[in-house]
Amino acid sequence: MSEHMHVLLDEMAVRRALTRIAHEILEKNKGVGNCMLIGIRTRGIYLAQRVAERIQEIEGVPVPVGEIDITSYRDDRVKVRSVDTVPGGDNLNIQSKKVILFDDVLFTGRTVRAALDALIDLGRPEMIQLAVLVDRGHRELPIRPDYVGKNVPTSKLEKIEVHLTEVDEHDRVVIIQQQRGNE
């Protein structure tokens with residue numbers, strides 16, 4: 001199988017998308033009182049942190065950011081409860097909060113479903129909203145994002161990769177076409 005890569009979002013486009021999401025969150029929630037941003041490990045955390053920084057720049061108020069590890073909640077992995085199912089480090093108090101959940105790419109919806117299970121185990125939020133940098137379609141579950149950086153219709157042969165400076169040394173979103181060879 002050979003691959004062909006195309007950049008969908010460069011560094012500026014990623015920044016603009018996150019700024020737009022920050023404004024949309026502020027508008028939809030009439031500010032960020034009682035809001036908490038929670039990122040799904042790994043890249044969702046960095047997206048949540050960046051949006052929290054934008055909100056602070058715009059509104060001048062800090063918004064709490066947490067992280068959640070959903071590894072043991074996935075339905076496509078062997079069930080092994082890890083000790084670290086709950087967020088890295090501090091316990092998240094989501095009780096009666098508006099939780100905005102962040103992930104890098106929304107695909108089948110299974111990661112988000114696992115995150116919802118993990119969140120509900122932590123308490124009962126007032127509401128959960130979903131923010132994703134890229135929505136690529138192909139949902140297997142009835143999950144719809146509230147905030148989307150970019151909608152990218154894809155084929156199942158295509159792969160979306162989100163690269164963030166915190167992990168990958170640069171910001172960009174690429175789509176990789178996988179050409180079928182002799183299989």
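Just so it is clear, the structure is predicted and the values come from calculations on it, not from any experiment. Computation of the quantities below employed the complete heavy-atom set of this structure, encompassing side-chain atoms and omitting hydrogens, waters and symmetry-equivalent molecules.
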Would you call [X] and [Y] a side-chain contact if the rule is heavy atoms closer than 4.5 Å?
X	Y	answer
Val63	Gln56	no
Cys35	Ile100	yes
Leu133	Val148	no
Asp104	Val132	no
Pro64	Leu92	no
Lys98	Met36	no
Ile38	Phe102	no
Arg144	Leu130	no

Quiz item: Which is it for Arg172 and Val14 under the side-chain contact (heavy atoms from CB on, under 4.5 Å) test, yes or no, and what are the steps along the way?
Solution: CA-CA 7 Å; Arg172 71 176 184 190; Val14 169; 5.6 Å; no
Self-check item: Any donor-acceptor N or O pair under 3.5 Å, side chains Arg74, Thr111
Solution: yes
Do you know which two heavy atoms are closest between [X] and [Y], and how far apart they sit?
X	Y	value
Ala48	Gly39	CB-N, 4.0 Å
Gly109	Ile143	O-CD1, 3.3 Å
Pro125	Ile120	CD-CD1, 4.3 Å
Ala118	Ile68	CB-CD1, 3.5 Å
Asp10	Ala13	OD1-N, 2.9 Å

Quiz prompt | Step-by-step side-chain contact (heavy atoms from CB on, under 4.5 Å) determination, Leu101 to Gln129 | solution = CA-CA 6 Å; Leu101 187 64; Gln129 298 170 1; over 6 Å; no
Just verifying a value: how many Å separate [X] [atom1] and [Y] [atom2], rounded to the nearest 0.5 Å?
X	Y	atom1	atom2	answer
Leu106	His138	CG	NE2	11.5 Å
Thr165	Asp171	OG1	CG	3.5 Å
Ile175	Thr154	CD1	OG1	6.0 Å
Leu26	Ile55	CG	CD1	5.0 Å

Quiz item: Who are the salt bridge (Lys or Arg N to Asp or Glu O under 4.0 Å) partners of Asp103, not counting sequence neighbours?
Solution: none
Quiz prompt | Results of salt bridge (Lys or Arg N to Asp or Glu O under 4.0 Å) for Glu59 - residues two or more places apart only | solution = none
Quiz prompt | Within 6.0 angstrom of Glu140 CD, more than 12 heavy atoms from elsewhere | solution = yes
Backbone of [Y] reached by a side-chain donor or acceptor of [X] within 3.5 Å:
X	Y	answer
Asn93	Gln95	yes
Arg136	Ser155	yes
His170	Asp168	yes
Asn29	Val32	no

Practice problem: Could you please spell out the steps behind the side chain to side chain donor-acceptor pair (under 3.5 Å) verdict for Asp121 and Tyr73? | Solution: CA-CA 11 Å; Asp121 279 357; Tyr73 287 87; 2.7 Å; yes
Quiz item: Which residues satisfy the side-chain hydrogen bond (donor to acceptor under 3.5 Å, both in side chains) test with Glu11, sequence neighbours excluded?
Solution: Arg15
Exercise. Could I get the full list of side-chain hydrogen bond (donor to acceptor under 3.5 Å, both in side chains) partners for Asn34, not counting sequence neighbours?
Key: Glu126
Practice problem: With salt bridge (Lys or Arg N to Asp or Glu O under 4.0 Å) as the test, would you mind laying out the steps for Asp69 and Arg41 before giving the verdict? | Solution: CA-CA 5 Å; Asp69 180 7; Arg41 191 176 290 167; 3.1 Å; yes
Exercise. List, by chain and then residue number, the residues other than Val174 in its hydrophobic cluster (Ile/Leu/Val/Met/Phe/Trp/Tyr, side-chain heavy atoms under 4.5 Å); write none if there are no others.
Key: Met5, Val7, Ile176
Same cluster (ILVMFWY, side-chain, under 4.5 Å), [X] and [Y]:
X	Y	result
Val65	Met127	no
Leu164	Ile45	no
Phe107	Leu47	no

Exercise. Kindly state each residue pair satisfying salt bridge (charged side-chain N to carboxylate O under 4.0 Å, His left out) with at least one member in residues 153-167, sequence neighbours excluded.
Key: Arg50-Glu166, Lys159-Glu161
Quiz item: Would you call Asp135 and Lys150 a salt bridge, using N to O less than 4.0 angstrom?
Solution: no
Practice problem: For Leu37 and Gln49, run side-chain contact (heavy atoms from CB on, under 4.5 Å): C-alpha distance rounded to whole Å, both residues' side-chain angles, the deciding distance at 0.1 Å, then the answer. | Solution: CA-CA 8 Å; Leu37 310 186; Gln49 287 169 344; over 6 Å; no
